[in-house]
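Please read these numbers as outputs of a predicted model, since none were measured by experiment.
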Amino acid sequence: MSVPKLTYFDLAGRALGLRIAMFKAFGKDGWKDERIQFQDWKDLKPTTPLGCLPVLTLSDGKQMTQSEALTRWAGKKSGLYPEDDDAAFIVYDVCSTASEAI
């Protein structure tokens, strides 16, 4: 069985929180952290679903692209995300604020 693969540049950027949550959810070897160099982006860009990064390729081959959604998914998988709806609402707010700041 294949493992989820995160594709992003070799920097923190929009993927920092996602990488932390992926490590917590899947450990060191339960996912692939594919870090690309800027010079390789020109060739890779047309192969991505929306022409942007990050891209998370799930074990079934489905590709997802929105960094906030990816981070929330990994947060839930890792147990970092609250089950209480009101507490989760606060997390939504904080994540959206952080995303807008980037």
Side-chain angles (χ1 to χ4, degrees):
M1 178 178 180
S2 63
V3 297
K5 177 178 75 170
L6 172 63
T7 304
Y8 193 65
F9 299 107
D10 190 17
L11 51 87
R14 295 188 177 272
L16 176 61
L18 177 55
R19 284 184 174 127
I20 292 167
M22 292 290 288
F23 185 82
K24 173 86 168 120
F26 300 102
K28 179 183 170 197
D29 298 320
W31 64 292
K32 183 176 180 185
D33 186 8
E34 180 180 53
R35 297 181 183 221
I36 66 159
Q37 302 303 311
F38 285 106
Q39 66 266 20
D40 300 325
W41 176 232
K42 179 183 169 193
D43 294 330
L44 181 62
K45 184 175 182 175
T47 69
T48 63
L50 298 177
C52 63
L53 294 177
V55 172
L56 182 65
T57 306
L58 302 177
S59 55
D60 65 0
K62 186 181 297 180
Q63 292 185 317
M64 307 303 286
T65 60
Q66 296 299 315
S67 58
E68 280 188 62
L70 302 177
T71 303
R72 288 180 182 147
W73 173 83
K76 284 187 175 189
K77 290 282 192 185
S78 67
L80 294 171
Y81 210 82
E83 292 183 26
D84 176 75
D85 290 339
D86 292 336
F89 186 49
I90 294 168
V91 173
Y92 290 149
D93 187 59
V94 171
C95 288
S96 294
T97 300
S99 179
E100 289 176 9
I102 295 176

- Query: Is the shortest heavy-atom distance from the side chain of Phe23 to the side chain of Lys28 under 4.5 Å?
  - Reply: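 Yes, at least one pair of side-chain atoms sits under 4.5 Å.
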Do Val55 and Leu18 belong together in a cluster built from hydrophobic side chains that touch within less than 4.5 Å?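 They do not share one cluster, since no chain of ILVMFWY contacts under 4.5 Å joins Val55 to Leu18.
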Pairs of donor and acceptor atoms involving the side chains of residues 65-72, under 3.5 Å and at least two apart or interchain, shall be tabulated with distances.
residue, atom, partner, partner atom, Å
Glu68, OE1, Arg72, NH2, 3.3
Glu68, OE1, Ser96, OG, 3.2
Glu68, OE2, Ser99, OG, 3.2
Thr71, OG1, Ser67, O, 2.9
Arg72, NH2, Tyr92, O, 3.4

Q: Search all heavy atoms of Ala21 against all heavy atoms of Leu80 and return the closest pair with its distance.
A: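 Smallest heavy-atom distance, with atoms named: CA-CD1, 4.1 Å.
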Between the CG atom in Leu58 and the OG atom in Ser2, the distance rounded to the nearest 0.5 Å is 9.0 Å
* Is the number of heavy atoms from other residues, nucleotides or ligands under 6.0 Å of Glu83 CD greater than 12? -> no
The reported gap from CG in Asp84 to CZ in Phe89 (rounded to nearest 0.5 angstrom) is 12.5 Å
For Asp33, check side chain to side chain donor-acceptor pair (under 3.5 Å) against everything at least two apart and list the hits.
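Once residues adjacent in sequence are excluded, the partners of Asp33 under the side chain to side chain donor-acceptor pair (under 3.5 Å) criterion are Arg19, Arg35.
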Practice prompt. Would you sort out whether Val94 and Val91 count as a side chain to side chain contact (heavy atoms under 4.5 Å, CB included), showing the intermediate values?
Written response: CA-CA 5 Å; Val94 171; Val91 173; 5.8 Å; no
field: Sidechain-backbone polar pair: Thr57 side chain, Gln63 backbone, donor-acceptor under 3.5 Å
entry: no
Same apolar cluster (I L V M F W Y, side chains within < 4.5 Å links), Leu6/Val3
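Different hydrophobic clusters.
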Under 4.5 Å between any side-chain heavy atoms of Ile36 and Leu53, yes or no?
-> yes
- Query: Nearest heavy-atom pair of Ala15 and Tyr8: which atoms, and what distance?
  - Reply: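 In this case the closest contact between Ala15 and Tyr8 is CB-CD2, 3.4 Å.
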Minimal heavy-atom distance between Leu44 and Thr47, with the atoms involved, is O-OG1, 2.6 Å
Measuring only between side-chain heavy atoms, which start at C-beta, is Met22 closer than 4.5 Å to Leu56?
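They are in side-chain contact.
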All heavy atoms of Pro4 vs all of Gly30, minimum pair found to be CD-O, 3.5 Å
**Request:** Might you point out which heavy atoms bring Lys45 and Thr48 nearest each other, and give the distance in Å?
**Result:**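 Scanning both residues, the minimum pair turns out to be O-OG1, 2.8 Å.
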Margin query: What I'd like to find out is whether the side chain of Ile20 reaches to under 4.5 Å of the side chain of Leu16, using heavy atoms alone.
Written below: yes
- Same hydrophobic cluster for Tyr81 and Ile90, using side-chain heavy-atom links shorter than 4.5 Å among ILVMFWY? no
Tightest non-hydrogen contact, residues Leu11 and Gly13, listed as CD1-N, 3.6 Å
query = Can you tell me if CG on Asp60 sees more than 12 non-hydrogen neighbours from other groups inside 6.0 Å?
reply = yes
- Query: Do any pairs count as a ring pair (Phe, Tyr, Trp, His ring centres under 6.0 Å) and have a residue in residues 39-68, sequence neighbours left out, and if so which ones?
  - Reply: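 Counting only pairs at least two positions apart or across chains, the ring pair (Phe, Tyr, Trp, His ring centres under 6.0 Å) contacts touching residues 39-68 are Phe9-Trp41.
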